[in-house]
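So the structure is just underneath, and the comments pick up after that.
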2 protein chains.
Amino acid sequence: MPPKQSDSEKRPTIRDVAARAGVSVPTVSRALIGNYPVAPATRSKVLRAVRELDYVVNAHARALAGATTKTIAFIVDDVTGPFYAHIARGVETEAASQGRLCLLCTTHGDPERELAVVELMREQHAEAVIVVGGGYDDEHYTERMTYFARALDRAGSHLVLCGRPSLGEDVPATTVHYENESGAYAMTAHLLSAGHRTIAYLGRGPGLSTTDERVAGFRRAHADYGVPLDDTLILPGEFSKAAGYDRTQELLEWRSDVTAIFAATDMVAAGVLRALRKAGVQVPQDMSVAGFDDIPLAADLTPALTTVRVPHEDLGRESVRLALSREQGAPAGRAVLGTHIVVRESVAPPRQPRD
Amino acid sequence: MPPKQSDSEKRPTIRDVAARAGVSVPTVSRALIGNYPVAPATRSKVLRAVRELDYVVNAHARALAGATTKTIAFIVDDVTGPFYAHIARGVETEAASQGRLCLLCTTHGDPERELAVVELMREQHAEAVIVVGGGYDDEHYTERMTYFARALDRAGSHLVLCGRPSLGEDVPATTVHYENESGAYAMTAHLLSAGHRTIAYLGRGPGLSTTDERVAGFRRAHADYGVPLDDTLILPGEFSKAAGYDRTQELLEWRSDVTAIFAATDMVAAGVLRALRKAGVQVPQDMSVAGFDDIPLAADLTPALTTVRVPHEDLGRESVRLALSREQGAPAGRAVLGTHIVVRESVAPPRQPRD
DNA sequence: TTCCTATTCCTAACCGGTTTCTAAATTCGT
DNA sequence: ACGAATTTAGAAACCGGTTAGGAATAGGAA
């Protein structure tokens, strides 16, 4: 019924609706928004015209005229990773439930692109710009991000850092983080308690806050347990299955005394498990493996992966909740969500306890 | 340097830039867009003012004034699933490389919400609206989607159906599909060739094109191999690990003659494998299992999953490529990407071949 | 009946850009 | 040195809405 062949060829404007309903343009606007008294009879005339013409407002015109934008921008490394995907889901779900639309951008791990994208978002006048994932420990980067926080704030928008440390007290950016360092601490303690004394940490990214914090927890646990830590056991590598696989193969030919591997990520752990299986190393009898994230398939790996649970979806949800609840000019919010270890089957005491 | 404390409090407009540079507003616009001759000296004055004021254009104003929107809308069930996540990545990557931004919406599998969201996208004037995933076989649904295709087309936008069948020749919507039916056919043929005669298909969604097509391939293979198909072996269930787990447990107590399970999805297959492991059924010795999608962790399940590879990322990329390359008013594009089976370790001949 | 107060709607101004059209300033040929 | 061609810049109109600020019409009290 609606398609209206005759007056097609162009999307109808509010003017067309006004003409058809026999009222003025502002009346149509008010009837639709409902923030101003309009006689019932008039309103129904307007609504009928809207239906007949199949009219929808022009979001850009509305945004330009001052009504709020109803848009939340969302920047991640790569939607593909389970980590990001679940945060994305949290963000999208919460945003949608508050009647907002999501603008998505990916950076593919390039700090330069991340900055460029945040800049792009300024053009869009999003209510909030949520940057997800680890930050980079680089002065130039930090400085520019701080600058963007101020620029967005000035423009009535707001920056949210999700899953990375704060930029400082005086920067107008909300931070939604999770217990990253203590999650790594707990897992390392778990391994040390089981009797492991030579543990490799696999997947340190240089200057990426995500791994820096985890390594810090790894270190602190060693210190608390009085176990000396060999720094060469903190191996670099990106957060991928391939990296986990490769680094593990190298590790196996290089050192035979390692009894446990703490992977920076469950994905990395999957690669580790694969390399160990190929090499005929039994997990957990000959080698314990731990991950981080608790992705959906962590329990389906063989053996089921012992890992650190991160409330990804809640992180996303909380980010938009905080951003939207904040009064203009109010102090930036802050939240830290908890993590805890999930014990499954990939960790056991080492075959020959060292002490 | 840029923050400019003095004239802050408001985002600068093009008018401010013009005033500061000592030129008219249109001149600033032209200097920035570069589609009109501007004297080098003037241009640099303008650029300097832009830098000093830290000016960025207002995307809404620009969109309203007629310049193209540079936005692509993207509608999926749930970003969390590997299937959608990879398509999303393809879409985002290609969109970004063509200088477009992505608008993301999720429907959580609700056809009503999907329609509502497409409607919402009309307000946004996106260049293209890409709907991802299976369509619903429901007359009301099909009719409204057809109507939206027309409405979007009329408004200068364009609908792309990604991963679902076309709406018909005369509907202005581009279709980017994959060999779904023949992928299922190939996998079923693979199972039949191995000697299986009683195969369960697990994860049929009622009226969802994704599964309908797969079931069709499942049927056709049985017919070609002259193997009678017991319809009660086509089990319903959503695309989740939990569903795979539950249905498999039920199946095991109900029928003992099934020698292979074809899961609608790798995620479902993960649940199937888990249920079988719990029940002490050896895979592939006692039961063969096949999946569909070839998600990243498919090779890391135990045993490594034999599955059908779907080029998710390419689907996403091709969707935006087709949408953007299309001339206004040109006939809607169409593409079908190939699938192929990936043989790993979860399928073997049945213990007691039946014929 | 008259005056006053609510209602309800319309006219006008504005949001921040882009584009067409016109005028001024320059360059050029001769 | 003069008129024509060519750049370059500005004025005005427009994109599609929203939000004050009046004017008209209605209803109620005196």
Side-chain angles (χ1 to χ4, degrees), chain A residues 9-47 49-50 53-71 120 122-126 154-157, chain B residues 7 10-47 49-50 53-71 122-127 154-157:
Chain A
E9 282 321 300
K10 261 307 152 208
R11 106 177 334 212
T13 74
I14 197 173
R15 248 166 286 275
D16 301 324
V17 176
R20 177 150 196 140
V23 300
S24 74
V25 168
T27 301
V28 173
S29 174
R30 298 199 257 248
L32 291 180
I33 300 183
N35 59 354
Y36 196 88
V38 169
T42 312
R43 172 189 308 275
S44 67
K45 269 195 306 185
V46 170
L47 293 184
V50 164
L53 258 44
D54 189 31
Y55 166 80
V56 291
V57 295
N58 180 326
H60 297 300
R62 173 171 280 177
L64 183 55
T68 92
T69 316
K70 303 284 190 193
T71 294
L120 230 183
R122 278 179 66 196
E123 300 181 359
Q124 299 294 324
H125 276 218
R154 218 178 314 143
S157 194
Chain B
D7 48 17
K10 261 307 153 210
R11 106 178 333 212
T13 72
I14 196 172
R15 247 166 287 276
D16 302 323
V17 176
R20 177 153 198 138
V23 299
S24 73
V25 168
T27 300
V28 174
S29 174
R30 297 197 264 245
L32 290 179
I33 301 183
N35 59 354
Y36 193 86
V38 169
T42 311
R43 169 186 312 268
S44 65
K45 270 195 304 184
V46 169
L47 293 184
V50 164
L53 259 43
D54 190 32
Y55 167 80
V56 292
V57 294
N58 181 326
H60 296 299
R62 174 172 279 177
L64 183 55
T68 91
T69 317
K70 303 286 191 193
T71 293
R122 279 179 64 197
E123 300 182 359
Q124 300 292 325
H125 275 219
E127 285 179 271
R154 219 180 311 144
S157 194

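Just so it is clear: chains get the letters A, B, ... in the order the sequence lines come, proteins before strands, and each one is counted from 1.
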B/Arg62 vs C/dG17: side-chain N/O to OP1/OP2 distance below 4.0 Å: no
Rounded distance in Å - CZ (B/Arg11) to P (C/dC15): 14 Å
d(CZ, B/Arg30; C1', C/dT20) in whole Å: 9 Å
Closest to the side chain of B/Thr13, out of D/dG10, C/dG16, D/dT8, is C/dG16
Please state whether the phosphate of C/dT18, meaning OP1 or OP2, lies under 4.0 angstrom from any side-chain nitrogen or oxygen of B/Asn35. no
Rounded distance in Å - CG (A/Leu64) to P (D/dG16): 12 Å
By nearest-heavy-atom nucleotide on DNA chain D, the more 5' of A/Val28 and B/Ala39 is B/Ala39
Along DNA chain D (nearest heavy atom to each residue), the more 5'-positioned of B/Ala41 and A/Tyr36: B/Ala41
What is the distance, to the nearest angstrom, from the CG atom on B/Asp16 to the C1' atom on C/dC15? 13 Å
Output yes when at least one side-chain N/O atom of A/Asn58 is less than 4.0 Å from OP1 or OP2 of D/dC15, else no. no
Would you kindly give the NE2-to-C1' distance between A/His60 and D/dC15, to the nearest whole Å? 12 Å
Atom NZ of B/Lys70 and atom P of C/dG17 are separated, to the nearest Å, by 18 Å
Write down the distance between CZ (A/Arg122) and P (C/dG16), rounded to a whole number of angstrom. 15 Å
How many Å lie between CD on B/Glu123 and C1' on D/dT18, as a whole number? 15 Å
